[in-house]
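Written out below as structure tokens is the structure these notes cover.
All figures in this text were calculated on a predicted structure; none of them were measured in a lab. Residue numbers begin at 1 in each chain, while the letters A, B, ... track the order of the sequences.
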Amino acid sequence: MPTVGVKRDLLFEALGRSYTDEEFNDLCFEFGLELDEVTSEKDIISKEKGEGKAEGASETVLYKIDVPANRYDLLCLEGLVRGLQVFKERINLPRYEKIIPAKGEGQKMIITEETVKIRPYAVAAVLRNITFTKERYDSFIDLQEKLHQNICRRRALVAIGTHDLDTISGPFTFTAKAPSEIKFKPLNQSQEYTASQIMDLYRTDSHLRHYLHLIENKPRYPVIFDSNGVVLSMPPIINGDHSKISLKTRNVFIECTGTDMTKAKIVLDIIVTMFSEYCEKQFTVEAVEVTYPNGKTHICPELAYRKEKVKPELINKKLGISETPSSLAKLLTRMCLSSHVTGNGNNIEVEIPPTRADVIHACDIVEDAAIAYGYNNIQMVIPKTYTIANQLPLNKLTELLRLDLAAAGFTEALTFALCSTEDIADKLGMDISATNAVHIANPKTAEFQVARTTLLPGLLKTIAANRKMPLPLKLFEISDIVVKDPTKDVGARNYRHLCAIYYNKSPGFEIIHGLLDRVMQLLEVPPNEENGYTIKATEAAIQKLSRDDMEIPCSSTDIGI
Amino acid sequence: MSPSVAELLLQRLERTPPGPEGGLCSLEAAAALGLDHQTLVGAVKSLQALGEVIEAETRATTRWELSAEGEEVLRDGSPEVRLFRSVPSEGLPQSDAMKLPGAQVGFSKAMANKWLRLDKGAPGGPRIFRAVDAVQDVVQSSLRQVQEGNGSSLSERERTDLKRRKLLLEVTLKSYWIRKGSAFSTAVVRQETDLTPEMIATGSWRKLPFKAYNFSALGLPPTCGHLHPLLKVRSQLRQIFLEMGFTEMPTDNFVESSFWNFDALFQPQQHPARDQHDTFFLQDPAEAPELPANYMARVKKVHSQGGYGSQGYKYEWKVEEARKNLLRTHTTSASARALYHLARQGKFTPVKYFSIDRVFRNESLDATHLAEFHQVEGVVADRGLTLGHLMGTLQQFFTKLGISKLRFKPAYNPYTEPSMEVFSYHEGWGHWDTPGEQGLACDLLQSTQRTEEVGGGGELRRFPS
């Protein structure tokens with residue numbers, strides 16, 4: 001869930017009223033947001049780096065607000081305010097308009113063949129006559145970063161570049177070149193570097209080094225030039241310094257390049273819808289013509305309004321409410337889904353704006369109606385569904401045995417299902433290949449290399465961690481182990497095991513033996529050769545007992561570990 | 001038979017004058033009787049247990065004693081004086097001086113007292129020289145005073161200083177001031193602690209005095225086994241589900257394919273949860289050998305092109321991603337399997353399902369993160385179910401847990417819509433909280449197959465052990 005930080009006073013100014021923290025928290029809750037933290041820059045720095053470093057930092061109150069992962073339109077102050085104001089019916093949802101310049105006057109971007117293998121998609125747009133202030137500018141940069149981290153999947157799917165259009169001249173070319181052939185002054189650097197030098201330069205950069213791998217080993221790097229050969233950007237790594245935007249920038253050229261066309265379009269739509277608010281002609285965006293290698297042209301941004309028809313009964317039936325079609329349409333309009341009743345009132349026509357790319361099926365619309373109605377206003381009802389409950393036989397047996405093992409004086413342990421290869425092999429005198437264990441590809445620590453194939457390591461670790469406790473220690477666990485099994489659809493399966501351990505200064509084989517006898521008595525398995533169980537010595541360090549195809553690893557008595 | 005310690009004590013006590021002034025100090029009495037003080041204290045305790053025979057009042061006395069190191073200083077002089085004395089008039093290389101016993105402490109003290117000076121630039125390395133002609137060993141003489149029992153003549157500062165240097169120890173001695181009690185007698189009658197079969201047989205119990213039970217002490221803890229607290233909670237939750245008519249789903253596969261864990265739940269293939277950072281993927285068996293072909297084709301279509309009233313995510317869906325095996329990140333994968341089987345039945349029958357089992361996330365262990373925890377999951381599938389039914393079911397479930405005030409917050413989940421988080425009001429804490437600390441996501445399931453399902457899922461966090 002992304003967290004958006006906004007200055008409280010700016011937020012309240014934009015909302016046209018102030019709230020107490022509690023009131024604002026309640027508003028967020030209703031809307032599906034969460035006021036995660038009330039803090040300030042000073043607080044954040046002193047928490048992270050110590051009080052001394054926080055000296056002089058801003059004490060302006062910041063709200064950290066958790067936004068649902070699908071709502072890209074709420075990732076900046078502008079979007080949050082617009083969403084909440086529409087929700088509270090204080091403003092009408094603005095209509096976003098794409099302005100297509102007269103023939104020959106608009107900006108063009110040409111995508112060349114070379115991009116296909118590395119970053120095949122690009123979209124672009126222009127925000128004309130925009131007025132930045134410090135706050136708006138910061139929010140503009142923040143939104144790009146939030147989008148990069150979320151929908152853009154750390155720039156892998158989409159990377160955004162914003163440029164001062166007055167410093168460059170189209171048409172623009174999006175191509176890919178060998179690293180040695182790309183040379184420019186990267187953003188906020190004082191000299192020119194080749195693309196290979198840029199990669200070296202950012203290898204230690206705490207922020208940019210995470211993106212280098214996206215193109216590093218490719219023979220050609222993506223790059224955007226203007227008609228004079230000025231480098232706009234080398235996506236997804238860095239923009240050029242030449243075209244960087246500032247508070248004085250009036251016309252912004254925005255390009256989004258990526259490996260996922262749908263997401264690139266969404267990202268561009270979000271940026272232009274959010275910041276066209278500050279254009280001279282509010283909520284208008286100038287289109288850019290993008291030509292693909294196959295000669296097809298696209299007019300960007302998409303800014304598509306989609307119409308859906310929803311039956312009022314469907315919404316009422318899914319939510320358990322009974323609202324009139326017109327009040328349902330009003331509820332949806334409050335969620336930025338401008339709606340009205342059509343026909344004889346048996347349909348609601350819903351218009352999905354370009355900001356709401358998350359609305360992809362009817363149930364998304366139903367969900368928004370529920371939010372606007374207020375989840376907590378919905379009457380709670382017990383379903384009439386009549387069913388007879390059944391326990392899983394395996395779990396039923398487990399529950400019964402657990403109680404009896406505790407009654408026999410053993411204490412239940414709950415240990416990790418994951419462990420190191422050493423735990424299940426070397427430490428038990430087994431070869432890892434003999435364990436048939438499932439191996440994890442990407443563990444963060446050596447503690448979690450494999451799924452356990454026996455419960456014994458967990459109990460031995462429990463003993464090791466509890467050596468301070470008075471002796472004897474008597475522990476048991478009934479839980480699942482995992483082994484590979486090619487006959488299963490996923491190639492592995494669980495087995496339910498029982499393991500018990502007795503730990504004392506003197507060995508007590510008869511104690512663990514007695515427990516085994518008790519378990520077998522409960523399971524009605526007699527101690528004999530024909531149809532029951534017997535204990536046989538094995539060469540392995542662990543005593544094992546077998547009956548039919550069942551193998552129960554039964555712990556050894558402790559011999560002075 | 002020689003008299004017991006208690007008897008000896010009582011005899012001495014008898015000779016003391018009556019009244020508040022008369023009495024014995026347990027320390028002195030022990031010394032006079034030639035006994036260990038603890039032995040005498042034992043006798044005092046046993047006499048106290050008899051009732052009003054004696055009165056004993058605890059007293060604490062503090063005394064100063066020399067530590068082992070202090071004894072050494074008393075014998076050989078303080079380290080600083082010893083070091084001073086070993087420095088000849090022509091000086092001593094610092095490196096040599098530091099090899100002498102106790103030189104570390106001695107050097108710093110002697111330097112602080114300005115008895116020695118260090119010439120860092122001397123040829124052959126830093127060298128120390130005497131800075132004064134003669135010194136007085138004040139430390140040694142102070143310790144001698146303590147040894148002779150005149151510790152109190154030292155100033156508070158001198159004592160603290162010596163204590164800080166671990167040369168002096170402050171010893172607190174607990175002793176008793178013993179006086180005759182209201183039922184004083186020198187003849188001790190032993191009270192019986194247990195009623196024996198012999199006493200009953202002979203009838204002697206009628207005449208014997210019995211010791212009263214000590215009710216202020218704790219009893220003997222019973223020898224027993226225990227169930228694990230978290231698993232007790234699991235049993236309780238399981239019981240609640242059974243009471244509500246929910247049937248247990250099979251969840252005995254920690255290993256799951258990405259298909260069931262993500263794709264079937266409409267989680268796109270670029271979703272952050274499918275990152276290496278968050279999920280344990282498997283090296284062996286790396287891929288699931290078998291995926292349900294027909295169902296997979298439908299899932300692929302919904303992801304890449306849409307369908308069943310959905311626009312889809314419109315991206316290139318890859319079967320290789322779906323085949324990747326992992327340790328399940330939620331038991332919702334098991335619910336998806338259960339619903340798939342339900343959908344394949346010829347005739348639809350309403351069901352209520354639940355499961356409680358382990359799930360895995362790729363975390364490093366610390367006080368607030370675990371790589372494994374238990375998830376609680378419930379699903380109701382029937383025709384005509386509403387969000388109100390889901391909330392009603394949750395209300396019943398939580399009421400059985402003892403939580404009756406609930407609040408629902410809209411939330412986002414790729415596989416359920418509408419989705420919500422449940423907040424509960426904790427009467428004891430007096431504030432709203434998400435049960436189980438991590439939140440409980442409850443959802444109306446809109447599968448690509450059927451539209452009648454209502455589902456609820458929740459997480460039961462395992463407490464760190």
Side-chain angles (χ1 to χ4, degrees), chain A residues 29 32 68-70 153 157 260 262 317-320 360-364 366-367 370-371 375-376 378-383 385 387 389-392 395 399 402 405-414 416-418 438-442 444-445 448 451 480 482 484 489-494, chain B residues 223-228 230-231 235 242 245-248 250 252-257 270 276 280-285 288-290 309-312 314-315 325 350-352 358 362 364-365 371-372 380 382 385-389 391-393 395-396 407-412 417-418 420 446:
Chain A
F29 193 95
N70 60 334
R153 302 295 304 117
L157 300 183
D260 183 320
T262 315
K317 245 177 69 185
K318 288 279 174 210
L319 301 181
I360 53 177
H361 20 231
C363 60
D364 290 316
V366 174
E367 182 173 52
I371 295 171
Y375 277 23
N376 297 296
I378 296 173
Q379 171 110 43
M380 291 190 254
V381 188
I382 299 169
T385 310
T387 50
N390 285 309
Q391 303 187 50
L392 215 58
N395 290 353
E399 289 287 296
R402 285 173 62 228
L405 283 164
F410 280 68
T411 289
E412 186 173 36
L414 174 59
F416 291 133
L418 305 180
V438 162
H439 288 255
I440 295 168
N442 58 332
K444 279 196 183 135
T445 60
F448 305 130
D480 284 2
V482 187
K484 287 191 286 179
D489 68 338
V490 292
R493 63 163 294 176
N494 286 18
Chain B
T223 51
C224 58
H226 307 269
L227 292 174
H228 191 280
L230 185 92
L231 297 180
S235 300
L242 292 171
F246 283 69
T247 285
E248 203 164 21
D252 54 343
N253 61 313
F254 293 166
V255 174
E256 188 57 277
S257 61
Q270 318 87 347
Q276 300 273 322
F280 285 118
F281 284 94
L282 297 190
Q283 185 183 68
D284 184 20
E290 200 187 313
S310 170
Q311 297 283 310
K314 300 198 173 91
Y315 70 98
N325 264 339
V351 295
K352 290 185 199 153
R358 277 179 210 245
N362 196 358
S364 317
L365 281 192
E372 301 175 20
V380 181
D382 198 357
L385 291 177
T386 69
L387 190 61
H389 285 126
M391 289 161 59
T393 307
Q395 173 81 24
Q396 291 301 313
R407 214 156 62 130
F408 301 89
K409 175 179 160 297
Y412 168 68
E417 274 188 85
M420 54 173 58
Q446 178 98 41

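For B/Val351, the part lying near chain A is the backbone, with the side chain staying farther off; criterion is any non-hydrogen pair under 4.5 Å. In this structure, the portion of B/Asn325 lying under 4.5 Å from any heavy atom of chain A is its side chain and not its backbone. Contacts between A/Lys484 and chain B at a heavy-atom distance below 4.5 Å involve the side chain alone, from C-beta outward. Only the backbone of A/Phe410 comes within less than 4.5 Å of a heavy atom in chain B; its side chain stays farther off. Using a 4.5 Å cut-off between heavy atoms, A/Ala408 makes no contact with chain B at all. A/Ala417 touches chain B through backbone and side chain together, each having a heavy atom under 4.5 Å away. If you measure heavy-atom distances from A/Asn395 to chain B, the contacts under 4.5 Å come from both the backbone and the side chain. Contacts of B/Ser257 with chain A are made by both backbone and side-chain atoms, with heavy-atom separations under 4.5 Å. If you measure heavy-atom distances from B/Phe408 to chain A, the contacts under 4.5 Å come from both the backbone and the side chain. Proximity to chain B (any heavy atom under 4.5 Å) is shown, for A/Ala407, by neither the backbone nor the side chain. Heavy atoms of B/Gln396 lying under 4.5 Å from chain A belong exclusively to its side chain. Using a 4.5 Å cut-off between heavy atoms, A/Val482 touches chain B through its side chain atoms alone.
Between chain B and the residues A/Leu405, A/Ile382, A/Ile378, A/Asn70, the most heavy-atom pairs under 4.5 angstrom are made by A/Asn70. Considering only heavy-atom pairs separated by less than 4.5 Å from chain B, the leading option among A/Ala492, A/Pro383, A/Pro68, A/Gly491 is A/Pro383. Note on A/Ala451, A/Gly32, A/Ala413, A/Ala362: by heavy-atom pairs under 4.5 Å with chain B, the leading option is A/Gly32. Top candidate by heavy-atom pairs under 4.5 Å with chain B, chosen from A/Thr262, A/Asp260, A/Leu392, A/Val438, is A/Leu392. Note: A/Gln391 leads A/Arg493, A/Gln391, A/Gln379 in heavy-atom pairs under 4.5 Å with chain B. Contacts with chain A were tallied for B/Gly312, B/Pro285, B/Cys224; B/Pro285 has the most, counting heavy-atom pairs under 4.5 Å.
In this structure the side chain of B/Leu231 reaches within 4.5 angstrom of the side chain of A/Arg402, judged on heavy atoms. In this structure, B/Leu387 and B/Met420 have side chains that are in contact, with non-hydrogen atoms separated by less than 4.5 Å. Side-chain contact check for B/Leu365 versus A/Phe448: some heavy-atom pair is nearer than 4.5 Å.
A/Asp480 places no side-chain N or O within 3.5 Å of a backbone atom of A/Asn494 that could act as its donor or acceptor partner. For A/Glu412 (side chain) and A/Ala406 (main-chain N/O), no donor-acceptor pair under 3.5 Å exists by modelled atom type. Formation of a donor-acceptor pair under 3.5 Å by the B/Lys352 side chain with backbone atoms of A/Ala389 is not found in this model. Checked by atom type and distance alone, the side chain of B/His228 pairs as donor or acceptor with a backbone atom of B/Leu230 at under 3.5 Å. Between the side chain of A/Asn442 and the backbone N or O of B/Phe281, at least one donor-acceptor pair lies under 3.5 Å.
B/Tyr412 is linked by a ring-ring contact (aromatic ring centres under 6.0 Å, His included) to nothing, counting only residues two or more places apart in sequence or in another chain. Considering only residues two or more places apart in sequence or on other chains, B/Lys409 meets the salt bridge (charged side-chain N to carboxylate O under 4.0 Å, His left out) condition with A/Glu34, B/Glu421.
One distance of note links OG of B/Ser235 with CD of A/Glu399; it measures 3.5 Å at 0.5 Å rounding.
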